[in-house]
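Encoded as structure tokens, the structure appears first; notes follow it.
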2 protein chains.
Amino acid sequence: MDWREARRRGARATIVSSAWDLVREEGLPALSLRELARRSGITTPTVYAYFESKSAIYDAMFGAAAEDCAGWMADPVDTRDPVADLTTDVRRFVEFCTADIPRYQLLFQHTIPGFSPSDQAYAPAVRALERTRQLLRRSGVSDPRYLDLWTALTTGLVDQQISNDPGGTRWSRLIDDAVRMFVAYCHDPQSVDAGQRPASSESA
Amino acid sequence: MDWREARRRGARATIVSSAWDLVREEGLPALSLRELARRSGITTPTVYAYFESKSAIYDAMFGAAAEDCAGWMADPVDTRDPVADLTTDVRRFVEFCTADIPRYQLLFQHTIPGFSPSDQAYAPAVRALERTRQLLRRSGVSDPRYLDLWTALTTGLVDQQISNDPGGTRWSRLIDDAVRMFVAYCHDPQSVDAGQRPASSESA
DNA sequence: GTCTATAGCTGGATAGAC
DNA sequence: GTCTATCCAGCTATAGAC
């Protein structure tokens with residue numbers, strides 16, 4: 001392995017780390033190359049020695065965050081209770097997302113005007129989704145429609161938690177309910193009509 | 001009613017309308033007072049004759065969009081089938097959100113750095129939520145926790161539809177499933193364990 | 001690779017004449 | 001209320017010496 005290349009990677013990683021520190025404090029759109037250079041102890045042109053544009057920095061930040069996400073979610077959860085494993089998985093996901101909102105915005109919302117991640121930076125997210133797919137399979141859910149329903153449910157919890165109760169637990173504490181609701185329906189979607197119990201009171 | 005005041009309101013409304021045209025084309029963060037003035041047929045200082053700051057323009061835009069939302073959702077849905085009414089309501093909501101993504105971003109995501117809506121601009125959103133609460137009640141759901149679960153589920157569908165399949169129907173076509181899943185669980189949350197059916201195949 | 005210096009542009013907001 | 005003219009600040013990105 002080339003030492004020069006290793007040095008270069010290290011310098012890039014330092015800049016990306018400073019960039020994350022910056023946006024955590026100032027917000028995702030507040031990333032500026034001047035301030036980034038200042039915090040990294042270098043000057044703006046030097047930043048361009050490592051990244052060809054601001055967008056390339058966002059891409060490297062995206063890649064690092066996606067790796068963090070994959071690592072955070074990767075711990076084994078196999079307790080021989082598939083539903084409990086699913087619950088653990090969502091809990092981890094919600095914790096990961098709510099712990100760092102700018103990171104969530106870059107990874108899962110498309111809030112930066114010109115930026116979309118490269119395939120390389122996006123790869124860990126694909127792996128994470130595949131892992132979720134397998135967890136669902138072990139719980140007896142394999143219909144791809146239900147995988148979509150699952151991602152809607154979990155990102156909805158995260159989204160509401162972040163948007164309407166940042167730092168709180170108003171939605172994250174609903175994870176157990178959400179998972180049980182989801183699994184029950186996917187296991188027996190037809191049975192729901194039998195349980196219908198329309199309210200008789202109150203109209204218009 | 002004062003004619004001067006009416007004129008003033010009309011001019012303000014024109015500017016706000018131009019602002020929405022602009023962000024629909026260029027994206028929410030691309031709103032600039034220069035371009036807004038140009039499109040409105042006036043100059044930048046004149047904008048300041050009607051709005052004291054850029055943030056005030058965002059606030060007026062928010063208020064207009066919130067009124068649009070309330071109006072869009074307000075049509076009666078009473079078909080004497082509460083669950084069908086709920087489904088109609090979600091369908092309307094998803095259509096409203098996906099029809100105009102910058103509008104969705106301003107209303108429901110908090111993506112503009114310094115901006116948060118005034119209480120006045122926010123009021124229609126409160127009314128809409130109250131209406132949803134009543135619809136849920138008519139379906140036999142009154143636990144506030146389940147209202148939160150409901151908002152998570154519906155915004156999750158919108159969020160995934162916009163983020164991962166803009167212009168498509170990959171998530172919006174799951175609305176029926178989502179509503180039935182939700183109602184079934186809320187009507188009988190305890191029954192779900194009975195339906196457990198862990199998959200025996202496949203491990204690690 | 002790293003710097004100084006700066007180009008080139010766009011932004012929000014204001015002064016002051018009319 | 002509306003304009004012309006402008007201030008001042010910030011930004012990305014580059015030129016060119018070392």
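Below, chain A is the first sequence line, B the second, and so on; all start at residue 1. From a predicted model like this one, the values you see are computed outputs, not experimental measurements.
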May I have the list of side-chain donor-acceptor pairs in residues 40-48 of chain A shorter than 3.5 Å, sequence neighbours left out?
from	atom 1	to	atom 2	distance (Å)
A:S40	OG	A:S18	OG	3.3
A:S40	OG	A:L36	O	2.8
A:T43	OG1	A:T46	OG1	3.3

Can you give the donor-acceptor pairs under 3.5 Å from side chains of residues 3-10 of chain A to other protein atoms, not counting sequence neighbours?
from	atom 1	to	atom 2	distance (Å)
A:R8	NH1	A:A49	O	3.3
A:R8	NH2	A:A49	O	3.2

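Of all heavy-atom pairs between B:A60 and B:V16, the closest is CB-CG2, 3.6 Å. Here the closest heavy-atom approach between residue A:P124 and residue A:A66 is recorded as CB-O, 3.5 Å.
If you find the closest nucleotide of DNA chain D to A:P45 and to B:I42, the one lying nearer the 5' end belongs to B:I42.
Applying a 4.0 Å cut-off to non-hydrogen atoms, the residues of residues 30-37 of chain A that approach DNA chain D are A:L31, A:S32, A:L33, A:R34, listed by residue number. Contacts with DNA chain D (heavy atom under 4.0 Å) in residues 8-26 of chain A: none are found.
The OH-C1' distance, from A:Y48 to D:dA15, rounds to 14 Å in whole Å. Rounded to whole Å, the distance from CD1 on A:I112 to P on D:dT12 is 12 Å. Separating the NZ atom of A:K54 from the P atom of D:dC11 is a distance of 8 Å, rounded to the nearest angstrom.
If you check every strand for non-hydrogen atoms under 4.0 Å, A:S53 touches sugar and phosphate atoms only.
Of the options A:F108, A:W150, A:Y104, a ring pair (Phe, Tyr, Trp, His ring centres under 6.0 Å) to A:F93 is made by A:F108 and by none of the others.
Not counting sequence neighbours, B:D59 has no partner by the salt bridge (charged side-chain N to carboxylate O under 4.0 Å, His left out) test.
Heavy-atom contacts of chain A under 4.0 Å fall on DNA chain C between two terminal nucleotides, which in 5' to 3' order are C:dG1 to C:dA5.
Under 3.5 Å, the side chains of B:Q161 and B:T98 contain no donor-acceptor pair of N or O atoms.
Using a 4.0 Å cut-off between charged nitrogen and carboxylate oxygen, B:R39 and B:D21 do not count as a salt-bridge pair. We find that A:D89 and A:R131 are joined by a salt bridge, their nearest charged nitrogen and carboxylate oxygen being less than 4.0 Å apart. One finds a salt bridge joining A:D148 and B:R170 here, because a Lys/Arg side-chain nitrogen approaches an Asp/Glu carboxylate oxygen to under 4.0 Å.
Between A:Y185 and A:Y146, the two ring planes are perpendicular [angle over 60°; tilted spans 30° to 60°].
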